[in-house]
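The next block holds one structure in the form of C-alpha cells; read it before the comments.
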Amino acid sequence: MRSVDTAIVWLRRDLRLADNPALNHALEAARRVIPLYIHAPEEESPWAPGTASRWWLHHSLDALDSELSRCGSRLVIRSGDSEEVLRAVIAESGAGLVCWNRLYDPATVPRDKSVRTMLRNLGVETASFNGALLREPWEVEKEGGGMYRVFTPFSRRYSPGDLEAPPLPAPEKLPAVRKSIGSLSVAGLGLLPGVPWYQSFDDYWQPGEAGALLRLDDFIERGALLDYGTTRDLPGQDGVSSLSPHLHFGEISPRQVWQAIRHASDEALDQGSGDAAERAFDYLRQLVWRDFAHHVLFHLPETASEPFNDRFRDFTWEKDPALLEAWQRGRTGIPLVDAGMRQLWHTGWMHNRLRMVVASFLTKNGLIHWLDGARWFWDTLVDADLANNSMGWQWTAGCGVDAAPYFRIFNPVRQGERFDPKGDFVRTWVPELAGLPAKHIHAPWRAPASALKDAGVRLGNDYPEPVLDIARSREEALRRFKAAG
Ligand SMILES: Cc1cc2nc3c(=O)[nH]c(=O)nc-3n(C[C@H](O)[C@H](O)[C@H](O)COP(=O)(O)OP(=O)(O)OC[C@H]3O[C@@H](n4cnc5c(N)ncnc54)[C@H](O)[C@@H]3O)c2cc1C
C-alpha cells in the first residue's frame, strides 16, 4: 500500500541503486520517485569536497544518471541551499515524503536535523536510514555506555558472522520523472578543476556503481583477499582492494562488501582452505576501522581540526613552506616518501603503508602540523573522507585516539627495505632512480659514487639530496615531543 503519491530520494554519498535503503523505502512508499542530488558544497565547509573528490563526483553523478536512465528514471540535479532546493522540488512535484541515507560529519549532522525540522513543519514525511556503515556510531557503545576510544575493544563488538541480512537488490525498473521537474546537467555543476592535472586518473578508476562492483569482483577473483594479511603492506603488489573512493561516495555499501567477502571465504573453505575465514577477517577488520573512524568523528566532531590528545594543544609545529612543498611535489630526496607522494598526485590514491610513512615523515621528522598534511590529502585524494583522513593523520602524528605513540617514528629507509625490498614501487614512481640496485635505492645518498654513476644518477641534479637528515630530525622530534608531555 503506497502511503504517498510522490517521494524524493535525496542522494548524497550513496550514489548507487543496489542496497540503497532510502531508495528502496521510497519505491515501496510512493508511486512516483524523484532521485535528487543537491550540490551545496558550502554546507560542508570547511571540508567541502577537494579537487580530486570533485573529479570523482562529476563522473559518479554521470554514471548514476546513466544507471537511472537505464531503469526508466533520471537524476534530478540542482544547486543551492539544500532546504530551499527541497522546498522548491516539493512545490513542483507535490512530494509528500523525503528519504535519505544518513551522514555523520560535523557539518552534515546539524544540516540534516534542520532539514528534517523544516520538512516536518511543511507537513512532509521524512525517513532516514543507515546506508553508509556496518553499524552506526551510536550503535556500538561500552558496557556502561559511552564511546570507545580504543579500536580493539570496539572491534570485539563485531564478528564475521555479523550482518547476515542480505543486501537489497537494485531495482530493475523505476518510475519516470515528470519532464516538468527541471535539472542541471552534471557538467553544469562545474566540478571538474580548471587545470586538467587529473587526466591520468582515467587510467586508474571507473567511478560509479559498476566500477565499484568490478573492483570488488577483481579483488576476490585474483585471490588477493586470501593473501590480504601478508600482501596488504606491500605497496608494489596488488594486495589491497582500492575500494576506498567507491565506499566513500557510497557507490557500494560496506554491507555488500562484507557479504561478498564472507561468501568468498565460505567458498574457499569449501575448497579446503581451512583458515579462509580468519584470513578474510583481516580484510573485514579494515571495514571495522572505517566504522571506528566514523564513531570517533561523530562523538568528537572537533577532532577534524583539534588534536584528540590535549598534550598536543599547545605544541609548536614548524612553519617550513619549502619542506611542505618538497613533500607535496614528491621531491624530498627520500625515495619512498617521494614515490608515495607521486602516486597520490598521478592516481588520486595512495597505498595505506605509504600514507603512514609520508604522514610520519611530515609530522615527526619535519615537525609540520598534521593539518597541513591532512589538507593536502583532502585536496588530492579521490577517497578523501573526513573520518578516515582525520583519524589517519592524528594516529600517525601521535595525537589521535589509539595513536601511534610519539616515539614511533617510521624510518622511511627501513620501511622501504622491509615493504619494497626489491625497490619496484620506488622504480615505478621515481624513474630517475630506476637504474639503482635494490640495496641502494632507498637511500641513494649513502650509495657509493660508482653505483650512482652506473645508474646515471647525479644527486642534486637528477634527483634531490635529502631535504633533512632522518636520524637527526628523529632525535629532535623525540626531544620536542617528550618535552611537550
Ligand atoms: C594519514 C592517513 C590518511 C588517510 N586518509 C584516508 C582518507 O581520506 N580516506 C580513506 O578512505 N582512508 C584514508 N586512510 C585509511 C587507508 O589508508 C585507506 O582507507 C586505504 O589505504 C584505502 O585503500 P583500499 O581501499 O585499497 O583499502 P583496503 O586495504 O582494501 O581496505 C578496505 C577498506 O577498508 C577501509 N580502511 C582500510 N584501512 C583503513 C584505515 N586505516 N582506517 C579507516 N578505514 C580503513 C577503507 O574504506 C578501505 O577501502 C588514511 C590513512 C592514513 C594513515
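No experiment lies behind these values; they were computed from the predicted model shown. Read the numbers this way: they start at 1 and go in the same order the structure lists the ligands and their atoms.
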Review point. Against heavy atoms of L247, which atoms of ligand 1 measure under 4.0 Å?
Key: 47 (O), 49 (O)
Practice item. Find all atoms of ligand 1 within a distance of less than 4.0 Å from any non-hydrogen atom belonging to L243, and give their numbers and elements. Key: 25 (O), 49 (O)
Exercise for review: Please could you name the atoms of ligand 1 that W349 approaches to less than 4.0 Å, counting only its heavy atoms?
Suggested key: 22 (C), 23 (O), 26 (O)
Revision key, fill the gap. The complete set of salt bridge (Lys or Arg N to Asp or Glu O under 4.0 Å) pairs with one or both residues in residues 199-215, sequence neighbours excluded, reads none
Check your understanding: Is S244 in polar range of ligand 1, meaning some N or O pair under 3.5 Å apart?
Key -> yes
Point to revise | Backbone or side-chain N or O of A384 under 3.5 Å from ligand 1 N or O | key: no
**Study point:** Residue pair W55 / Q199, side-chain donor-acceptor N/O under 3.5 Å
**Key:** no
Review point. For D383 and ligand 1, does the shortest N/O to N/O distance drop below 3.5 Å?
Key: yes
Review point. Which residue supplies the protein heavy atom nearest to atom 44 (N) of ligand 1, what is that atom called, and how far is it?
Key: N388 ND2, 3.4 Å
Practice item. Would you check whether F292 reaches within less than 4.0 Å of ligand 1, judged by its heavy atoms? Key: no
Check your understanding: Have T51 and Y198 got a donor and an acceptor in their side chains that come within less than 3.5 Å?
Key -> no
Exercise for review: May I ask you to check whether D383 and H248 show a side-chain donor-acceptor distance below 3.5 Å?
Suggested key: no
Practice item. Any salt bridge (Lys or Arg N to Asp or Glu O under 4.0 Å) involving residues 330-347? Give me the pairs, sequence neighbours left out, ordered by first then second residue. Key: R342-E432
Check your understanding: Would you say the side chains of N101 and N20 form a donor-acceptor pair under 3.5 Å?
Key -> yes
Point to revise | W10 six-ring face occupied by R12 cation (under 6.0 Å, within 45°) | key: yes
Check your understanding: How far apart are the C-alpha atoms of F361 and M341, what are their side-chain angles, what is the distance that settles it, and do they pass the side chain to side chain contact (heavy atoms under 4.5 Å, CB included) test?
Key -> CA-CA 12 Å; F361 177 81; M341 297 308 293; over 6 Å; no
Check your understanding: So, is N389 polar-close to ligand 1, with some N/O to N/O distance under 3.5 Å?
Key -> yes
Check your understanding: Is the Lys NZ or Arg CZ of R353 less than 6.0 Å from the centre of F419's six-membered ring, within 45° of the axis?
Key -> yes
Review point. Out of W289, Y228, F151, W395, who gets a non-hydrogen atom closest to atom 31 (O) of ligand 1?
Key: Y228
**Study point:** N or O contact, S242 vs ligand 1, cut-off under 3.5 Å
**Key:** yes
Exercise for review: If you have a sec, work out which protein heavy atom is nearest atom 6 (C) of ligand 1 and how many Å separate them, to one decimal?
Suggested key: R355 NH1, 3.3 Å
Check your understanding: Is the distance between the ring centroids of F154 and Y158 less than 6.0 Å?
Key -> yes
Review point. Should you measure from each heavy atom of D385, which atoms of ligand 1 turn up under 4.0 Å away?
Key: 7 (C), 8 (O), 9 (N)
Point to revise | Contacting atoms of ligand 1, where contact means under 4.0 angstrom from a heavy atom of R290 | key: 43 (C), 44 (N), 47 (O)
Check your understanding: For atom 37 (C) of ligand 1, what's the nearest protein heavy atom and its distance?
Key -> Q286 CB, 3.6 Å
Review point. Which of the atoms of ligand 1 are close to Y283, meaning less than 4.0 Å from one of its heavy atoms?
Key: 30 (O), 31 (O), 32 (C)
Review point. Identify the closest protein heavy atom to atom 30 (O) of ligand 1: which residue and atom is it, and at what distance?
Key: S241 OG, 2.6 Å
Point to revise | ligand 1 N/O within reach of R232 N/O, cut-off under 3.5 Å | key: no
Review point. Considering only the protein, which heavy-atom contact is closest to atom 15 (C) of ligand 1, and what is its distance?
Key: N352 OD1, 4.0 Å
Review point. For residues E141 and Y148, is any side-chain donor paired with an opposing acceptor at under 3.5 Å?
Key: no
Review point. Taking the six-membered ring of Y228, is the NZ or CZ of R279 close enough (under 6.0 Å from the centre) and on axis enough (within 45°)?
Key: no
